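Predicted, not measured: the structure shown is a model, and the values here were computed from it. In what follows, chains are A, B, ... by sequence order, proteins preceding strands, each numbered from 1. Only this structure's heavy atoms are used, side chains among them; waters, hydrogens and symmetry mates stay out.
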2 protein chains.
Amino acid sequence: MAQGPISPSGQSLLFLTDEQLRKGSEAMFFAYRGFTRDPDRILAEKGYGRAHHRAIHFIHRAPGTTVNNLLAILGVTKQSLNRVLRTLIDDGLVTQRVGATDRRERQLHLTGEGAALERALSDAQRDRMRQAYRKAGPDAVAGFRQVLEAMMDDEMKHYYDALRDRSDAG
Amino acid sequence: MAQGPISPSGQSLLFLTDEQLRKGSEAMFFAYRGFTRDPDRILAEKGYGRAHHRAIHFIHRAPGTTVNNLLAILGVTKQSLNRVLRTLIDDGLVTQRVGATDRRERQLHLTGEGAALERALSDAQRDRMRQAYRKAGPDAVAGFRQVLEAMMDDEMKHYYDALRDRSDAG
DNA sequence: CTTGGAATGTCAACAACGCTGACTTATTCT
DNA sequence: AGAATAAGTCAGCGTTGTTGACATTCCAAG
């Protein structure tokens with residue numbers, strides 16, 4: 001276990017103490033709780049969970065995406081996703097269309113109602129993000145994004161980057 | 001829905017587009033997956049879950065903490081925590097001691113075995129954090145922490161700050 | 001046209017880990 | 001003595017993850 005000298009200021013370019021890193025972990029833990037809290041409240045009212053939010057988010061973000069693609073992005077099994085997707089389809093928030101070129105594929109889209117819920121959820125989440133961004137300032141935000149991106153698995157980074165270019169025209 | 005002008009550079013002090021905020025959300029989502037992945041693997045081998053990791057982490061971080069305090073930090077119910085704590089005690093990773101001043105309290109400590117698992121888990125998690133920190137650089141790290149701290153609920157921020165001052169002497 | 005394989009969907013069973021509600025025990029405070 | 005607090009427990013439930021088995025549909029190669 002690397003147990004190095006802990007300077008009073010605690011900041012150095014190349015040397016990172018376990019303590020600094022541990023605080024980073026705790027910051028991730030507590031911040032993620034805040035990050036999910038507001039959407040979770042809305043979801044609970046409607047009888048949905050966080051898995052529904054994730055599905056709705058990425059269908060909104062990549063309309064027409066297939067089930068397989070969604071599986072890869074979300075990193076869950078087909079059965080887990082199917083359960084969530086089924087309720088969303090049955091409740092009229094998501095539609096499936098048979099693929100044009102490959103008719104085995106099901107292209108997923110949000111209905112008007114689904115888009116409305118997506119908006120409510122992302123509004124709630126963005127309000128908190130906006131507040132945090134404003135409080136921390138643009139330089140901090142740039143650093144925030146850099147560290148998060150460096151923390152992703154390569155595979156996740158791939159999907160993250162694939163979503164980067166899209167404009168907000170949903 | 002505020003839908004403002006998106007400048008090519010995309011950075012402005014006070015105006016944040018929905019798109020910028022959405023990317024921040026996605027960065028949080030994908031990064032958190034990476035953040036938990038390595039410890040999750042170790043835990044799965046031993047038949048534990050993320051809840052065990054959290055309990056072990058905070059008992060290590062605040063040795064002698066009480067059940068009630070742990071409940072507040074973790075933000076779960078007594079029953080949920082008890083289930084996890086019971087397996088850790090039965091498996092000999094955590095000990096309970098009756099409180100000195102208030103004998104109703106149970107003070108929680110890691111055993112040698114518990115501390116060993118804590119080390120394995122946090123080593124795995126810190127390796128990834130360290131890599132991300134090095135890649136992003138110290139300024140980015142400072143920004144990362146600022147944004148995360150601004151994203152926490154006030155109550156969570158309180159507990160986070162309470163843990164800040166401790167040295168790494170576990 | 002038939003067949004192999006890919007994409008999708010479904011059923012059953014299970015585990016982890018949240019939750020609520022009710023209740024007990026031990027201890028401390030008023 | 002009685003109220004309040006800390007902890008533990010039982011019973012039951014919901015979401016969301018897992019595996020395994022299996023059916024269906026469809027594309028593409030032989």
Is a donor-acceptor contact shorter than 3.5 angstrom present between the side chain of B/Arg104 and the base of D/dT5? yes
Pick base, sugar-phosphate or nothing for B/Gln96, based on heavy-atom distances below 4.0 Å to the nucleic acid. sugar-phosphate
Just by distance, no angles: are the side chains of B/Thr87 and B/Asp91 close enough, under 3.5 Å, to form a donor-acceptor pair? no
Does D/dT15 have OP1 or OP2 under 4.0 Å away from a side-chain N or O of A/His52? no
With a 6.0 Å cut-off (strictly less than), is the heavy-atom count around CD of B/Gln79, excluding the residue itself, greater than 12? yes
What is the 5' to 3' range of DNA chain C, first to last nucleotide, that sits under 4.0 Å from any heavy atom of chain A? C/dG5 to C/dC11
With no hydrogens and no angle check, do the side chains of A/Glu149 and A/Tyr160 hold a donor and an acceptor under 3.5 Å apart? yes
Under 3.5 Å, is there a donor-acceptor pair between the A/His53 and A/Glu118 side chains? no
Any Lys/Arg nitrogen of A/Arg61 or B/Glu19 sitting under 4.0 Å from an Asp/Glu carboxylate oxygen of the other? yes
Contact class for A/Gly99 vs. all strands (heavy atom < 4.0 Å): base, sugar-phosphate, or nothing? nothing
Less than 4.5 Å apart, any side-chain heavy atom of A/Asp38 and any of A/Gln125? no
Which whole-number value in Å describes the distance from A/Leu43 CG to D/dG14 C1'? 14 Å
Rounded to whole Å, the CG-C1' distance (A/Asp40 to D/dG14) equals 14 Å
All ring pair (Phe, Tyr, Trp, His ring centres under 6.0 Å) counterparts of A/Phe29, not counting sequence neighbours: B/Phe58
5'-most by nearest nucleotide on DNA chain D - B/Asn69 or A/Arg54: B/Asn69
Less than 3.5 Å apart, any donor N or O on the side chain of B/Gln96 or B/His109 sitting next to an acceptor on the other? no
Got a salt bridge between A/Lys157 and A/Asp154, using NZ or NE/NH1/NH2 to carboxylate O under 4.0 Å? no
To the nearest Å, how far apart are A/Leu70 CG and D/dT16 P? 14 Å
Near DNA chain D, which residues from residues 74-86 of chain B have a heavy atom under 4.0 Å away? B/Lys78, B/Gln79, B/Asn82, B/Arg86
Please work out if B/Thr87 contacts a base, only the sugar-phosphate, or nothing of the nucleic acid, heavy-atom cut-off 4.0 Å. nothing
Has B/Asn68 got a side-chain N or O lying under 4.0 Å from the OP1 or OP2 atom of D/dT5? no
Please give, in whole Å, the distance from D/dG17 C1' to B/Tyr48 OH? 20 Å
